[in-house]
A.B. asks: 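Below you will find the structure I want to go over with you.
The first residue of the sequence shown is numbered 1, and numbering continues consecutively from there.
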Amino acid sequence: MLQKKYRAIGLMSGTSLDGLDIALCDFYFFNKNWSFKIEKGKTFDYSKYWKSQLENAPNLNGFELTALHVNFGKLIADRILEFIDLQNEEIDLIASHGHTVFHNPSEGINLQIGKAEVIATHTGITTISDFRSLDISLGGQGAPLVPIGDELLFTKYDFCLNLGGFANISFTKNNKRIAFDICPVNILINHYVKKFKLNSIGYDKNGEIAQQGAVNNKLLLELNSIKFYKKLPPKSLGKEWLEKEVIPIINNFNLKTEDLLRTIYEHVAIQIFNVVKNNSGKSLLITGGGTYNNFLIKLIKQKIDSQKKKVEITIPNKEIIDFKEALIFAFLGVLKRRNEINCLASVTGAKHDNCGGKIVELIEAPLYSHHPIIAFATKRGSGGKE
């Protein structure tokens, strides 16, 4: 019989390198509905060394990347042990997003580092990772994965918008969950703040720099004309796309940095507005690091409020803003543990819904063994239920 309550740790490392988010969460299944509670959460900032390591990961050779995969797993395990006293907690599982190095689903390529076997052995807790690979093998994008959590945990909102390295959104259309990446956000803004050394923190706090600039309409037109925005879902974005399709356009313009950033902000607000405008819904939940950028939120609200149909925008409490993605990855791990669908074909474009992820758990050795050793049991996702 399946459990009715689970305690899980969720881990999230995003493309903007804001840090490693860790959330300890409780999940309850009652009357065919899920509810949750975030017991505690913490973001561990990356040191300059680790930021450099993760940024440079795509350029490493095979041996170096394998070593980073192991060492990042050790870092994750160390942070978990700092985060919580495991001796006083009964944890059912750890679910790790890992850190994305490559994401090119059209070629069947995906790599997220942070070795699960290392995390499991250092913490002694069953660890689930590699949530994208099965979906990509089934012809899907392998992303976004959060919408199953939006659908089952955040049912009161018509739209769930996340402002991270990239903006992504999910909502129900024709009785199916639809979700996709909208456009780059923090990953693009941070790139230019760092490139021009505009401050010491590496990001535009509250949009203070962008507010000093003016929109360049020629650059805005070119950005809004990028082919990706006309493509129908399912669709997802990655760093490779950004470097190939977006940054070269911006670099062709010789603008003041304030004007450049102001134009990027306008572009982001327009792309988000277009999605909300063209789909039905009356309530919008906004989470992710970009939620703290007051100027960006102001622009998005202005655009959405300018339309005839009213959409109520909700900015939740800090706990949900900071740890919603870590929460949902913990939930994906719970669904995987229950062998239930945790990845939706309507979102990713895969052949069918699936139950993705690799489970690494520590089990006692067989009875016929003469030595009290610990053995690995590694399980990969099945095709799931259609």
A.B. asks: With the threshold set at 4.0 Å, does a side-chain nitrogen-carboxylate oxygen contact exist between K301 and D305?
C.D. replies: no
A.B. asks: Between Y265 and D204, do the side chains contain an N or O donor and an N or O acceptor separated by less than 3.5 Å?
C.D. replies: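 D204 and Y265 do have a side-chain donor-acceptor pair below 3.5 Å.
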A.B. asks: If the test is side chain to side chain donor-acceptor pair (under 3.5 Å), which one of H99, H97, H69 qualifies with Q112?
C.D. replies: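 Exactly one candidate clears the test, H97.
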A.B. asks: Do F159 and F171 have ring centres separated by under 6.0 Å?
C.D. replies: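 For F159 and F171, the ring centres are under 6.0 Å apart.
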A.B. asks: Ion pair present between R262 and E266, side-chain N to carboxylate O less than 4.0 angstrom?
C.D. replies: yes
A.B. asks: Run the ring-centre check on F331 versus F27 and record whether the distance is less than 6.0 Å.
C.D. replies: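 Centroid separation for F331 and F27: below 6.0 Å.
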A.B. asks: Do any N or O atoms from the side chain of D130 and from the backbone of K358 form a donor-acceptor pair under 3.5 angstrom?
C.D. replies: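 Such a contact is absent between D130 side chain and K358 backbone.
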A.B. asks: Side chains of R177 and S346: do they bring a donor and an acceptor to under 3.5 Å?
C.D. replies: no
A.B. asks: Is it true that the side chains of N354 and D135 contain a donor and an acceptor less than 3.5 Å apart?
C.D. replies: yes
A.B. asks: Identify whether the distance between the nearest side-chain nitrogen and carboxylate oxygen of R79 and E82 falls below 4.0 Å.
C.D. replies: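 Counted as a salt bridge, because a side-chain N and a carboxylate O are separated by less than 4.0 Å.
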A.B. asks: Is N190 reaching over with its side chain to a backbone N or O of N186, donor-acceptor style, under 3.5 angstrom?
C.D. replies: yes
A.B. asks: Is the distance between the ring centroids of W241 and F228 under 6.0 Å?
C.D. replies: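 They qualify: ring centres under 6.0 Å apart.
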A.B. asks: Going by atom types only, do H267 and N224 share a side-chain donor-acceptor pair under 3.5 Å?
C.D. replies: yes
A.B. asks: Salt-bridge test for K37 and E319: reply yes if a basic N is under 4.0 Å from a carboxylate O, no otherwise.
C.D. replies: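 So K37 does not pair with E319 through a salt bridge.
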A.B. asks: Side-chain donor-acceptor pair under 3.5 Å between N216 and T263, yes or no?
C.D. replies: no
A.B. asks: Closer than 4.0 angstrom, basic N to acidic O: yes or no for E55 and K239?
C.D. replies: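 K239 and E55: not salt-bridged.
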A.B. asks: Hey, quick one: are I125 and V118 part of the same hydrophobic cluster, counting side-chain heavy atoms closer than 4.5 Å, chains of contacts allowed?
C.D. replies: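 No.
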A.B. asks: Does the pair N110 and F102 meet the rule for a side chain to side chain contact (heavy atoms under 4.5 Å, CB included), with working shown?
C.D. replies: CA-CA 5 Å; N110 174 73; F102 301 115; over 6 Å; no
A.B. asks: Would you check, one step at a time, whether the test side chain to side chain contact (heavy atoms under 4.5 Å, CB included) holds for F323 with E325?
C.D. replies: CA-CA 6 Å; F323 300 110; E325 287 188 290; over 6 Å; no
A.B. asks: Once rounded to the nearest 0.5 Å, what's the spacing between atom CG of L145 and atom SG of C343?
C.D. replies: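 It is 5.0 Å, given to the nearest 0.5 Å.
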A.B. asks: Should the pair R7-E90 be classified as a salt bridge under the 4.0 Å nitrogen-to-oxygen rule?
C.D. replies: no
A.B. asks: With a cut-off of 6.0 Å (strictly less than), are more than 12 heavy atoms of other residues, nucleotides or ligands near NZ of K40?
C.D. replies: yes
A.B. asks: Is it true that D150 and K324 make a salt bridge, defined as a side-chain N closer than 4.0 Å to a carboxylate O?
C.D. replies: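 Looking at D150 and K324, the cut-off is met.
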A.B. asks: Considering residues, nucleotides and ligands other than K298, do more than 12 of their heavy atoms fall under 6.0 Å from its NZ?
C.D. replies: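 Check fails, neighbour count at 12 or below.
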A.B. asks: Side-chain contact, heavy-atom cut-off 4.5 Å: I182 with L161?
C.D. replies: yes
A.B. asks: Is it true that, when you exclude K176 itself, more than 12 heavy atoms of the residues, nucleotides or ligands shown sit nearer than 6.0 Å to its NZ?
C.D. replies: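 No, not enclosed.
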A.B. asks: Decide side chain to side chain contact (heavy atoms under 4.5 Å, CB included) for N162 and I286; before the verdict, give the C-alpha distance in whole Å, the side-chain angles of both, and the deciding distance to 0.1 Å.
C.D. replies: CA-CA 6 Å; N162 181 69; I286 306 180; over 6 Å; no
A.B. asks: Under 6.0 Å from the ring centre and within 45 degrees of the ring axis: does the NZ or CZ of R338 meet both conditions for the six-membered ring of F29?
C.D. replies: yes
A.B. asks: In sequence, state the C-alpha distance, the side-chain angles, and the governing distance for I272 and L163, and then conclude on side chain to side chain contact (heavy atoms under 4.5 Å, CB included).
C.D. replies: CA-CA 10 Å; I272 291 170; L163 299 176; 3.7 Å; yes
A.B. asks: So with a 6.0 Å cut-off around NZ of K194, is the heavy-atom count from everything else above 12?
C.D. replies: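 Yes - once you tally the heavy atoms of other residues, nucleotides and ligands closer than 6.0 Å, there are more than 12.
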A.B. asks: Would E361 and R337 pass as an ion pair if we require N to O under 4.0 Å?
C.D. replies: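 Looking at E361 and R337, the cut-off is met.
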A.B. asks: With a 4.5 Å limit on heavy-atom distance, are the side chains of I249 and I226 in contact?
C.D. replies: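 Yes, their side chains come closer than 4.5 Å.
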